[in-house]
Engineer: 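My questions will all concern the structure given below.
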Amino acid sequence: MEMNFYQPQQTLSGPAYSPWFKLLATVVTVALAGYGVSFALRYALLDYGWSVVLLFFAAMILLCLSYYGFLHAELVIDMHGIRQSGLWNRQVIWTEIRSAKLIGIPLAGWLSPPRLVVRTGNSFVTFNGGTPDLLAEFARISIAYQLKP
């Protein structure tokens with residue numbers, strides 16, 4: 001018989017990334033896309049073969065997909081567990097969690113708030129929260145699972 005060690009008081013959902021992080025992602029994406037365009041204009045890519053052209057376009061497509069994932073990623077914390085959508089969906093149910101911890105970058109909390117790192121069996125799953133409510137719930141989850149026997 002497995003018990004749920006943690007249950008949120010209410011269902012919370014919101015963006016997985018903060019507005020500052022989305023702004024940084026926009027700046028970096030525009031800079032990389034601009035560099036890619038200038039590179040394509042400076043060098044005749046067809047002189048290097050189709051493999052170089054395909055690699056270049058694959059890199060541009062991956063850049064666009066990653067940017068889309070940052071802008072549209074959503075996080076949901078409910079009675080079943082934690083889910084984050086994006087380029088790759090992540091999901092952990094409460095009974096799978098062995099421990100949870102908030103990990104942050106010192107002096108860069110304004111840009112990249114702490115992330116919740118959840119240990120499940122042999123793997124670690126990282127969740128991002130883009131609103132103060134989600135970050136507060138991350139703190140409660142972290143405290144609850146630090147005390148787990």
Engineer: Between W94 (side chain) and Q7 (backbone), is there a donor-acceptor pair under 3.5 Å?
Structural biologist: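 Looks like no, no N/O pair under 3.5 Å.
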Engineer: Would you give the length of the straight line joining atom CG of D133 to atom OG of S13, rounded to the nearest 0.5 angstrom?
Structural biologist: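 Here the rounded value is 10.0 Å.
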Engineer: Short question: side chain of R90, backbone of T126 - any donor-acceptor pair under 3.5 Å?
Structural biologist: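 At least one qualifying donor-acceptor pair exists.
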Engineer: Give me the other members of the hydrophobic cluster that I103 sits in, counting Ile, Leu, Val, Met, Phe, Trp and Tyr linked by side-chain heavy atoms under 4.5 Å, directly or via other members.
Structural biologist: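 V117, F124, listed by chain and number.
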Engineer: Determine the sole option in L116, I97, V118 for which the side chain to side chain contact (heavy atoms under 4.5 Å, CB included) test with Y145 is passed.
Structural biologist: I97
Engineer: Which residues, ordered by chain and number, are linked to L87 in its hydrophobic cluster, where ILVMFWY side chains connect at heavy-atom gaps below 4.5 Å, directly or through other members?
Structural biologist: I61, L65, W88
Engineer: If a pair satisfies ring pair (Phe, Tyr, Trp, His ring centres under 6.0 Å) and one of its residues is in residues 40-65, list it, with sequence neighbours excluded.
Structural biologist: F39-Y43
Engineer: How close do S85 and A73 get, heavy atom to heavy atom, and via which atoms?
Structural biologist: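 Taking every non-hydrogen atom into account, O-CB, 3.2 Å.
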Engineer: Looking at Q84 and N128, would you say the former's side chain and the latter's main chain have a donor-acceptor pair under 3.5 Å?
Structural biologist: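 Yes, the answer is positive, given that a donor and an acceptor are paired below the 3.5 Å cut-off.
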Engineer: Strictly by modelled atom types, are S123 and T120 linked by a side-chain donor-acceptor pair under 3.5 Å?
Structural biologist: yes
Engineer: Of the non-hydrogen atoms in R83 and D78, which two are nearest, and what is the gap between them?
Structural biologist: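 Nearest heavy atoms, R83 then D78: NH1-OD2, 2.9 Å.
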Engineer: For K22, look at atom NZ and say whether over 12 heavy atoms of other residues, nucleotides or ligands are found less than 6.0 Å away.
Structural biologist: yes
Engineer: Among all residues two or more places apart in sequence or in another chain, which pass the ring-ring contact (aromatic ring centres under 6.0 Å, His included) test with F138?
Structural biologist: none
Engineer: How long is the straight-line distance from CZ of R140 back to CG of L12, given to the nearest 0.5 Å?
Structural biologist: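 These two atoms lie 7.5 Å from each other.
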Engineer: Using the test ring-ring contact (aromatic ring centres under 6.0 Å, His included), find all partners of H72 that sit at least two apart in sequence or belong to another chain.
Structural biologist: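 Partners of H72 under the ring-ring contact (aromatic ring centres under 6.0 Å, His included) test: Y68.
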Engineer: At their closest point, which heavy atom of A100 faces which heavy atom of I141, and how far apart are they?
Structural biologist: CB-CG2, 4.1 Å
Engineer: Looking at every heavy atom in both L63 and A33, which two are closest together, and how far apart are they?
Structural biologist: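 Between these two residues, the closest heavy atoms are CD2-N, 3.9 Å.
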Engineer: Of the non-hydrogen atoms in L102 and P114, which two are nearest, and what is the gap between them?
Structural biologist: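 Distance-wise, the nearest heavy atoms are CD2-CB, 4.0 Å.
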Engineer: Do P15 and T131 have side chains that get closer than 4.5 Å, going by heavy atoms?
Structural biologist: yes
Engineer: For the atom pair SG (C64) and CG (L32), what is the distance rounded to the nearest 0.5 Å?
Structural biologist: 10.5 Å
Engineer: Write down the atom of Y6, the atom of A144, and the distance for their closest heavy-atom approach.
Structural biologist: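 Taking every non-hydrogen atom into account, CD1-CB, 3.6 Å.
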Engineer: Return the OH to CG distance between Y67 and L62, rounded to the nearest 0.5 Å.
Structural biologist: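 One gets 15.5 Å once the value is rounded to the nearest 0.5 Å.
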Engineer: Could you list the cluster mates of V30? Members are the ILVMFWY residues connected by side-chain heavy atoms closer than 4.5 Å, either directly or through other members.
Structural biologist: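 When side chains under 4.5 Å apart are linked, V30 ends up in no cluster with other residues.
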